[in-house]
Amino acid sequence: MSADIDRMPRGGPQASCLDRALQTDQPEYLDRDDVDPAVKRSVVRALELTGNWFGLHERFAYIVMDEVADVPDPRILELGAGHGGLSKKVLEMHPTATLTVTDLEPDSVAAITAGDLGSDPRVTVRGMDATAIDAADSAYALAVFALSFHHLPPSAAVRVLAEGTRVADKLLIIDLPRPPSPLHLMRLAAMLPLAPFVPFVHDGVISSLRAYSPSALRALADAAGVDIELRSGLYSPQIAVATRRPPA
């Protein structure tokens, strides 16, 4: 199963030839160890700023609020937080939620710790690998993984689905949509001229090529042995809610 999943196209098991061509194994600057840390920081800062400008942090926080609406004093785990913008909005919206804000990148963890989240009594900031979460079973009401799932190769994505639903009642994934191939080509054509010069756009191109389709997410969920509910659009972020599969 692991070998089959690793060979699965980002467009899913039945992806067209063109869709299969519109993917890459090239890592983003954020995923590389040979990149100047200043370049990585510029990408993270650009993600934070665009999230503020376009209201994405607030929009995603409302999605989180919907998922914990019936939970008193919810414990929420954010995986791959990057800059922590989503967690800040969640804290503003929910007066009794407690958050564990995590990232794999030490520089991001240090920056979040040094900011407002690091001094908030309702927040714990930790370095953590989303594929091997250091938490007890059912420790959280909700785990959130926003705009980072596409960074993972299929086998690692399967582990995140299994781990996220182990430590939390629900795993909420918010990520880039994978549009139909003709629209995907148009998106890439608009971005490619700037990619060699702007690190944020460079990573955006690779992110687009690595985004999973709904059928791919279903295949990943099956491999992880979890149930998944998908909500997506051509241009809006793709939303997936994964839960533990009841015993047969």
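Below, each value reflects all heavy atoms present in this structure, side chains not excepted, and no hydrogens, waters or symmetry copies. Heads up: numbering here begins at 1 and tracks the sequence.
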For M8 and A219 the tightest heavy-atom approach is SD-CB, 3.5 Å

Minimum-distance pair of heavy atoms, taken over all atoms of L217 and I228: O-CD1, 4.1 Å

Between the side chains of E163 and T131, does any donor sit under 3.5 Å from an acceptor? no

Steps toward side-chain contact (heavy atoms from CB on, under 4.5 Å) verdict (V101, R126): CA-CA 6 Å; V101 184; R126 296 184 59 190; over 6 Å; no

Do NZ/NE/NH1/NH2 and the carboxylate oxygens of K89 and E78 come within less than 4.0 Å? no

I'd like to check Q26 versus L209 (side-chain heavy atoms, cut-off strictly below 4.5 Å). Are they in contact? no

Closest heavy-atom pair and its distance - A139, A135: CB-CB, 4.4 Å

Taking atom NE2 of H184 and atom CG of L22, what is their separation to the nearest 0.5 Å? 5.5 Å

For T243 and D227, test the side chains for any donor-to-acceptor distance below 3.5 angstrom and give the result as yes or no. no

Within the distance-only criterion (no hydrogens, no angle test), does the side chain of K170 pair as donor or acceptor with the backbone N or O of T165 below 3.5 angstrom? no

Check: G82 main-chain N/O paired with D103 side-chain donor or acceptor under 3.5 Å: yes

Could you see if L91 belongs to whatever hydrophobic cluster contains Y140? Use Ile, Leu, Val, Met, Phe, Trp, Tyr and a side-chain cutoff under 4.5 Å. no

Where do A216 and G11 come nearest, in terms of heavy atoms and distance? CB-C, 4.3 Å

Working to the nearest 0.5 Å, report the span between CZ of R41 and CD of E48. 13.5 Å

Grouping I, L, V, M, F, W and Y whenever their side-chain heavy atoms are under 4.5 Å apart, do V35 and L47 come out in a common cluster? no

Taking the six-membered ring for Trp, are Y29 and H202 ring centroids under 6.0 Å apart? yes

Measure from the side-chain N and O atoms of R178 to the backbone N and O of D19, and report whether any donor-acceptor pair falls under 3.5 Å. yes

Check: R10 side chain, H150 main-chain N or O, donor-acceptor pair, under 3.5 Å: yes

Before accepting this row, confirm whether a basic side-chain N of the pair D120/K88 lies closer than 4.0 Å to the acidic partner's carboxylate O. no

Side-chain donor/acceptor of Q238 to backbone N/O of Y212, under 3.5 Å: yes

Quick check for you: to the nearest 0.5 Å, what is the distance between M186 atom CE and S181 atom OG? 13.0 Å

Validation row: R59, S236 side chains within 4.5 angstrom (heavy atoms): yes

Same cluster for I239 and L142 if Ile/Leu/Val/Met/Phe/Trp/Tyr side chains link at under 4.5 Å? yes

Look at the side-chain heavy atoms of Ile, Leu, Val, Met, Phe, Trp and Tyr, link any pair under 4.5 Å apart, and say whether V90 and Y62 land in one connected group. yes

CG/L176 to CZ/R210 distance, rounded to the nearest 0.5 angstrom? 12.0 Å

Under a 4.0 Å N-O cut-off, is there an ion pair linking R245 with D222? yes

Nearest heavy-atom approach of L30 to K40 is CD2-O, 3.6 Å

Using modelled atom types only, decide if a donor and an acceptor are shared between the side chain of T113 and the backbone of V109 within a distance under 3.5 Å. yes

Looking at D169 and R244, is any side-chain nitrogen of the basic one under 4.0 Å from a carboxylate oxygen of the acidic one? yes

Validation row: F60, P237 side chains within 4.5 angstrom (heavy atoms): yes

Rounded to the nearest 0.5 Å, how far apart are CG of L117 and NE2 of H83? 11.0 Å

Is it the case that one hydrophobic cluster holds both L18 and M191, taking links as side-chain heavy atoms less than 4.5 Å apart, direct or via other members? yes

One should read off an interatomic distance between L104 CG and D129 CG, to the nearest 0.5 angstrom, of 5.0 Å

Of all the heavy-atom pairs spanning G80 and S148, show the shortest one and how long it is. O-OG, 3.4 Å

Any donor-acceptor pair under 3.5 Å linking the side chain of S119 with the backbone of D116? yes

